[in-house]
Structure formats: structure tokens, C-alpha cells
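The chains referred to below are lettered A, B, ... by the order of the sequence lines, with proteins before strands, and numbering in each begins at 1.
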Amino acid sequence: MDDTTLDRFDPAEPFVQAIVAGLEAALGQTGAPLGAEAIRSQLDLEGGPDGDVAFPAHRAAATAKSRPDEFADRLARAFSTGPLVRSAAAKGAYVNFRLDPAALTSGTLSAVLERGPDYGHHPTGGPLASVEHTSANPTGPFHIGRVRNAIIGDTLARVLRAAGTPATTQYYVDDMGRQATMITWIWSKPPAEWPEPVRTAVAGGSDGAPTEDKPDARFGRPYPAVSAYLKENAAAREEVAELIRQIELGTPPARHRELAQEILGGMLESLARLHIRFDEFVWESDFLRDGSVERVLERMHHAPHAVREENGAWAIDAAGYGLPQESGKIVFQRADGTSLYVLRDVAFHLAKFARFGRVVDVLGQDHRLHARTLDALLHEYGEARTPTYLIYQDITVPEGGRMSTRGGSAVWLDQLLAEAVARARQEVLARREDLPESEVDRIAEAVGAGAIRFHIVRVAPEKPVVFRWEDALSFEGRSGPFVQYSYARASSVLRKSDVEAGPFPFDAARLADVEELALVRILARFPRTVRDAARTMHVQALAGYAHELADQFNRFYHAVPVLRSGDERASRIALVAAVRQTLGNALDLLGIPRLETM
RNA sequence: GGGCGCGUAGCCUAGCUUGGAUAGGGCAUCGGGUUCCUAACCCGGGGGUCGAGGGUUCAAAUCCCUCCGCGCCCGCCA
């Protein structure tokens, strides 16, 4: 294979180009000229039942005023085959192309083995993107509803980077709202002075979080009771309101930020077990401190549809924005002069647009209206850009309803992790008696995390999810552990070969088994899968890909001997090495640990 | 009431943005497979009005309309 037919970034590309070029010529001859881009968009790259790539000829036939089946036949005859595309055959209204198997195998294995950990990754360029995700209030432990945001957001950032868009992840820490302030309010009093209902609620029983000593669990403990208590008690409410005013004036109560920081630390510890980390933490109060809220407020007073209410509050008359607010107005500044969340969010997003060429916010569906409101305010401000929103639906409990911190219906991330790791540990112990304790623990931790991440990311974000333990803890079939297991299997084969570290010489002609060719086709598709997933933000496609590759690898593994084979041995080892590499790269994009053994 | 989202076998789900050939998977179920590179695996069977109806089209799970069911939101909360 020479340089013109090898594309290390996307080994399928030369084949697609050959088909497009051939079709362009053939279409010109048959009276239905069509541009390369149009041809490419009509190609079915997955192929059909009778080929590797298919071209439905209906539309071109209409242009040529011919019967589709006759036209497809003429097209196929006019198509010049070559070293990459071996045949073009009409079937009905379709032209089916067969790629040269040795050429595809050769190009694909070369690309995977040469690029190694970068296979599937595209050239990096373009402006920096921001991916803001999770941003849960620092008021207590994560429940798994919130974790959906984190897993989707983290995966998206990884996929964007692989597709060539440099990305920074941002966690917006809301230290200014009522929620965080309630925590400060209660912990500013010694527990002996807590209101009776809060004291009894906290003393009354566990909230289900298994790690009571973690700061998020400990300091977040009174939160639900405080929240309930404030609803009944106007005087306490006023105390909290006073604290909020102090925070807004830049003189927050002692320990306010430290408490938030400590709780956040506990929360992040849990996310780290899922291999989720953030590049930046943006504290909401910073936009107050640095004067940007003030500046935004100033300018918003002169916005095209700014109105001042009788009591002094400021709002945007949103009639033209088609928002469902009953008042028809978006209030952005209270009568007492303090700012509202959405206004501070404007300040945050202006800061984002100043630094990033692309801004993505991962939000729960309950924030949809907030997103539209933010867009409207940005427009009023004079900012032409708006964020791209990746919106996911809530995770509900089988009894119905959202996961609630109150009412005990929440499933905590720490709890889920503990269960998943415990089950994984049992599974390891059941089949591996040879491993030292520490190794068992390490594998169990990785499998538990892998199961959780895969379970969440495999479903399209816009789909509602009902949490069921038996589903979340599944280690079989379409699951994280299945993919991890397949990777471990491939690793094991290589470990037992004499060429574990490579290089992996191969003869493509010797990889002619149907299972081998099927495997190569899937390997060749990886770069395109990554690119498409980034473009559409369909992170679930990566989970689907990883499963499909693992699945086909297992079929191959059963059907074709590797280490015990004869002349094919070296080539098959190279194929296994390529599978292991690609599977590993896919696992990296999913944030799921690779395991050499399990 | 209004706005937005979702509806694919008993259960879960891909495909829908850009319409194309017999709608892919997984769980469960039934029947097989381990002197052989990790059985967290593999092979095979059964199971589908793609919520309902209408429309557009040579062609609809995919686009448009209506309806039904479920969810979320409609705060001087965040």
C-alpha cells in the first residue's frame, strides 16, 4: 500500500474516495451528473446485505429519467474498479461495492498499529471549547441523577478532544444561592442550638449514604431537614435571606466558602472514582467580586426591552422571545438590588465567550427554560452567540418520580459504587483464586466504575431512565465489564505470544476468515464513529461501538485460533494487537479503565 | 392551560438531525457448547401494527399534521 492509499487518521477514507470518484465519473457518463459531496452524503457506508458500501440509485435515476433498477445496472457497468474497489454490482436499485479485503486489512492494521493510542483521534485544531457539566450545588453527596450529567459531560469532553476540538471542562460552583447558604446558616450554629426538627431529623437515621465520614455526607446531612424547616419558619427564612445579602455585598459569613469547598471536595472524591475530573472550577461569587455582575447589570438596564417594576426590580419584557413565563417577564434584579441567578449566569457566559470559541452546557431537562431564558438575556445584552445545550432527562425511581434527596428515594453514588464494587469483587473471587488481595480490589474497583459509566452513557441523553439495581449492576452483554473483559482477553493472548511488545508484522492476505474481515471492518470504522459522535454529541454511539467491537472480537476468538495457528499466527497476533489497541482507545473515550487481566 | 422532551418485542436499547434493501443489539426465555489462546464468553430458536391515525414521497421508525400516554418546566428560587 502506497502513501496515496493509506490514510492513518481514517483508513476507510481512501476507499470511500475511490468509490466517490468512480461514481462521479460513472454518473457523468450515464446522464445524471452529481458532485462528490452529494454522492458522499448519499452513500451507505455501512453497506447492505450484498456489499461493503452501497449507493441507492433512486434519486440519480430520477435525474436521468430512467428506471431505478436499470439505471443502477448501467451505473455498475460504467463504474471502473481498481485496487481498492474490486467490484460494483447492481441489485435492484442499489449499487453494491466490494472493497479489496487485503487492502482494507492492510490499511486498517497499519493505521491502528502505527498510531497506537492516537488511533481514532483526529488532527487537533480550531478554537478551544468549554464543556460545563455537573455543576451540582455543594450541599451534599451526589445521587445518581446528578451523575448522569457528569458521565455525559465527561464523555463528551473526551470525544470532542479526540475529534480534534481542544476542550476545557468547567464546574460552576454555586456558592451564592439559597442552597449553599442554608448549609452555612445551619453550621454557623452549634448542633445543640439547631432547631428541634432539624436536630431530630439528623439524629433520626441515616440518609442512606454509606460513607458518613466524608465531608459531603457529614455537612450535607442537615440539608433536607433545613430545607423543610425553612418552608415553615419565616424568621429562619429571614436569617438566611440576610446571609444571602451579605454574600452579595461581598462580606460572606465566616466559613461560607470553606464549607462549600469541603463539601465539594467530598463530592469530587466520588466522581474521581468514576475517573471524572475537571479542568476548572468557576465560583459564582467570583463574578460578583470582580465586578462583572455589576457591569452586566448596568448594561442590562439599557437593554432594548428592559423595564423597571414599580418596586424597583428590573426585568426584560420577554414578549418577543416566545417564553412561557406567565408574567411575560424575566426578572434579573430584585427590588432590593441583588442579582438573580440567570443574570449571574449571563456574566458567566460572557466570560466563557471571551475565552472559548464554542460553549457547551450539559443540563438536566428541568433547566430547559432556564437555557432559553439565558439565550434571551444574552441577546438583550447584545451578545450574538449562545451556548450549545446538551440536555438529558432525569433518572427516575421505579415507584415513579424523580430522585429526591428528601423522602429517601435517592440512590447515592457512593452507595451505588459500593454495591458495584462489592459485586465485581465476588465475580473476580469466583473465577480467580490466584490473585493477591490487592489485585482483586483493584480489578473490582475498575469493573464497578466501568459498569456504572457504561450503564449511564449507553442510553441517549434525551431518553428518560428508570433506575433499577439489577440493570445498573449488570456485568454481561451490553455492559462495561463485557468490554473490559474483551480487552483483558486480547491482552492475555498477546501476553502469551512471543511478540507482546510488537512490532506486529502481518500479511493481510492471511487474514481472510469471515470473522477476521468483519473485525477489520469494525476497526476501520472507529475514526468515523468518533467524528460523528463529536459532531452530533451522541456520546451513546461510543458505547455502542465499544460493544460491537468487543462482540465481534469474541466471535473471532471462538472461531479462529491465534496462538496455535500455523502460517497465520503472526498476522492474527497483529489483528489481536489492533483490536486491543482500538478497544482500549474506545474505553479511554468512555472513561472506563482498561484491565490487562480480570 | 401553554411550552419543551420522550414513546421501537415481556423488559432495556441503537437507528431519527442528512428518508433508501429483510428495523440492529442486550436482558429474560427455550435448546446447545468448556481435555483447546480467560465461559464476565460463544452458537442456535421463538418473540416487532417502530404509541394511534392521517399526509408528503418511487420509498417513512426517520419528514409534516392531529390525537393519546408519560415526564419536565411555566418563581423578585437555583
Side-chain angles (χ1 to χ4, degrees), chain A residues 41-42 44 46 48-50 54-59 61-62 67-68 91-94 96 137 174 176-180 284 309 311-315 322-327 329 331-336 338 340-342 344-345 364-370 372 391-394 396 400-402 424 427-428 430-432 447 451 458-460 462-466 468 470-471 474-486 488-497 535-536 538 540-541 543-544 547-548 550-551 554-555 557-565 572-573 576 597-598:
Chain A
S41 74
Q42 288 179 36
D44 179 0
E46 305 305 317
D50 302 295
F55 180 71
H58 312 79
R59 277 151 78 175
R67 265 179 50 183
K91 172 152 184 203
Y94 296 82
N96 291 300
N137 287 328
D174 176 10
M176 292 204 54
R178 188 156 297 168
Q179 328 241 324
E284 189 174 5
E309 304 290 306
N311 64 6
W314 281 88
L323 296 173
Q325 265 101 339
E326 279 173 9
S327 66
K329 285 175 185 164
V331 179
F332 59 85
Q333 186 175 25
R334 295 187 184 92
D336 67 5
T338 57
L340 274 99
Y341 173 73
V342 67
R344 284 173 251 135
D345 217 14
Q365 74 154 337
D366 54 338
H367 281 64
R368 271 181 197 280
L369 179 57
H370 170 74
R372 294 181 57 196
I391 291 179
Y392 66 93
Q393 294 247 19
D394 301 303
T396 57
R402 263 198 291 181
E427 297 289 326
V428 179
R431 60 198 94 202
R432 298 294 299 270
V447 168
R458 63 193 261 273
V459 181
E462 64 270 17
K463 292 257 201 184
V465 167
V466 178
R468 292 194 180 84
E470 64 270 29
D471 294 343
S474 165
F475 293 172
E476 292 164 12
R478 209 186 152 121
S479 72
F482 172 81
V483 180
Q484 290 173 303
Y485 175 73
S486 307
R489 247 188 175 176
S491 300
S492 175
V493 171
L494 291 175
R495 202 160 45 238
K496 291 181 177 172
S497 77
R535 181 175 52 80
T536 59
H538 289 182
Q540 68 273 20
H547 174 257
E548 201 180 339
D551 202 34
N554 283 304
R555 270 198 280 274
Y557 181 89
H558 279 272
V560 180
V562 177
L563 297 179
R564 283 185 218 350
S565 57
R572 286 180 179 161
I573 288 172
V576 172
T597 184
M598 66 186 273

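Whole-Å rounding puts the A/Glu470 CD to B/G10 P distance at 18 Å. Remark: P of B/C6 and CG of A/Asp394 are 14 Å apart, rounded to the nearest angstrom. Rounded to whole Å, atom C1' of B/U38 lies 13 Å from atom CG of A/Leu494. Between the CZ atom of A/Arg372 and the C1' atom of B/C72 there is a distance of 13 Å, rounded to whole Å. Note: CD (A/Glu462) to P (B/C4) measures 16 Å, nearest angstrom. In this entry the distance linking CZ of A/Arg432 with C1' of B/U38 reads 7 Å, nearest Å. If you take CD of A/Gln393 and C1' of B/G7, they are 11 Å apart, rounded to a whole angstrom. A straight line from CZ of A/Phe475 to P of B/C41 spans 12 Å, rounded to a whole angstrom.
A/Phe332 meets the ring pair (Phe, Tyr, Trp, His ring centres under 6.0 Å) test with no other residue; sequence neighbours excluded. Scanning for salt bridge (Lys or Arg N to Asp or Glu O under 4.0 Å) contacts around A/Asp471 gives an empty result, with sequence neighbours left out. Scored by the salt bridge (Lys or Arg N to Asp or Glu O under 4.0 Å) test, A/Arg495 finds no partners at all (sequence neighbours excluded). Residues that satisfy the side-chain hydrogen bond (donor to acceptor under 3.5 Å, both in side chains) test with A/Ser486, not counting sequence neighbours, are A/Asn554. For the ring pair (Phe, Tyr, Trp, His ring centres under 6.0 Å) test, residues two or more places apart in sequence or in another chain that qualify with A/His58 are A/Tyr94. For A/Glu309, the salt bridge (Lys or Arg N to Asp or Glu O under 4.0 Å) test picks out A/Lys329, with sequence neighbours left out. A/His370 is linked by a ring pair (Phe, Tyr, Trp, His ring centres under 6.0 Å) to A/Tyr341, counting only residues two or more places apart in sequence or in another chain.
Among the protein residues, A/Val493 comes within range of the sugar-phosphate backbone only, with heavy atoms under 4.0 Å from sugar or phosphate atoms but none that close to a base. Within the nucleic acid shown, A/Arg344 comes within 4.0 Å of sugar-phosphate atoms alone, with no base atom in reach, counting heavy atoms only. Contact annotation for A/Val342: no contact, since no heavy-atom pair falls under 4.0 Å across all strands. Residue contacts for A/Met176: at a heavy-atom cut-off of 4.0 Å it reaches no nucleic acid atom on any strand shown. Heavy atoms of A/Phe482 sit under 4.0 angstrom from primed sugar atoms or phosphate atoms, though from no base atom. Residue A/Val483 is classed as having no contact, given no heavy-atom separation below 4.0 Å to the nucleic acid.
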*When you look at A/Thr338 and A/Asp336, which way does the side chain to side chain donor-acceptor pair (under 3.5 Å) test go after all the steps?*
CA-CA 6 Å; A/Thr338 57; A/Asp336 67 5; 2.6 Å; yes
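For B/G19, neither phosphate oxygen OP1 nor OP2 lies less than 4.0 angstrom from any side-chain nitrogen or oxygen of A/Gln42. For the pair A/Arg489 and B/A39, the criterion of a side-chain N or O lying under 4.0 Å from OP1 or OP2 is met. Within the 4.0 Å cut-off from OP1 or OP2 of B/G71, not a single side-chain nitrogen or oxygen of A/Lys463 is found.
With a 3.5 Å ceiling on both atom-pair distances, the Watson-Crick or G-U wobble partner of B/G2 is B/C73. Across the strands present, B/U57 finds no partner; the criterion is a Watson-Crick or G-U wobble pair with both atom distances under 3.5 angstrom. Across all strands shown, B/U35 forms no Watson-Crick or G-U wobble pair with both distances under 3.5 Å. Pairing partner, B/C16: none, since no Watson-Crick or wobble contact has both distances short of 3.5 Å. Base-pair partner of B/G46: not found among the strands shown (Watson-Crick or G-U wobble, both distances under 3.5 Å). Searching all strands for a Watson-Crick or G-U wobble partner of B/G7 with both distances below 3.5 Å returns B/C68.
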Report each atom pair, protein N/O against N/O of nucleotides 21-26 of chain B, whose distance is under 3.5 angstrom.
unit_1	atom_1	unit_2	atom_2	d
B/A21	O4'	A/Tyr94	OH	3.3
B/A21	N6	A/Asn96	OD1	2.7
B/A21	N1	A/Asn96	OD1	3.0
B/A21	N1	A/Asn96	ND2	3.2
B/G26	O2'	A/Arg478	N	3.3

Got a list of protein N/O to nucleotides 29-35 of chain B N/O distances below 3.5 Å?
none

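Residue order along RNA chain B, read from the 5' end via each residue's closest nucleotide, puts A/Ser41 first among A/Val428 and A/Ser41. Residues A/Gln325 and A/His58 both approach RNA chain B. Their nearest nucleotides, taken by heavy-atom distance, put A/His58 toward the 5′ side.
When the shell of 6.0 Å around CZ of A/Arg59 is examined, it contains 12 or fewer heavy atoms from other residues, nucleotides or ligands.
Across B/A21 and B/U35, the matching C1' atoms stand 46 Å from one another, rounded to whole Å. Look at the P atom in both B/C70 and B/U56: the space between them is 32 Å, to the nearest Å. Taking the P atom of each, B/C72 and B/U17 are spaced 28 Å apart, rounded to whole Å. Annotation: B/C16 and B/C6 have their P atoms spaced 13 Å apart (nearest Å). The P atoms of B/C73 and B/G24 are separated by 38 Å, rounded to the nearest whole Å. Distance noted for atom P between B/G7 and B/G15: 10 Å (whole Å). The gap from the C1' atom of B/A39 to that of B/C50 amounts to 35 Å, rounded to the nearest Å. The separation of B/G26 from B/G48, taken at their C1' atoms, amounts to 16 Å, rounded to a whole angstrom.
A/Thr597 and A/Arg432 form a side-chain donor-acceptor contact under 3.5 Å, judged by distance and modelled atom types alone.
For A/Val342 against A/Val331, the heavy-atom pair with the smallest separation is CG1-O, 4.2 Å.
The side chain of A/Glu309 has B/C76 as its nearest neighbour among B/A14, B/C37, B/C76. Here the side chain of A/Arg535 is nearest to one of B/C77, B/U18, B/U38, namely B/U18. Of the candidate nucleotides B/C72, B/G3, B/C36, B/C36 has the atom lying nearest to any side-chain atom of A/Arg564. With distances taken from any side-chain atom of A/Arg178 to the nucleotides B/C77, B/C72, B/A14, the minimum falls on B/C77. Checking B/U38, B/C74, B/C77 against the side-chain heavy atoms of A/Arg495 singles out B/U38 as nearest. Of the candidate nucleotides B/C41, B/C72, B/U38, B/U38 has the atom lying nearest to any side-chain atom of A/Tyr557. Of the candidate nucleotides B/C76, B/C77, B/C37, B/C37 has the atom lying nearest to any side-chain atom of A/Ser492.
Once rounded to the nearest 0.5 Å, the distance linking CG of A/Asp50 with NZ of A/Lys91 reads 3.5 Å.
Residue A/Asp471 places no side-chain atom within donor-acceptor reach of the base of B/C11, judged by atom type and a 3.5 Å distance cut-off alone.
Between A/Ile391 and A/Glu462 the shortest side-chain heavy-atom distance does not fall below 4.5 Å.
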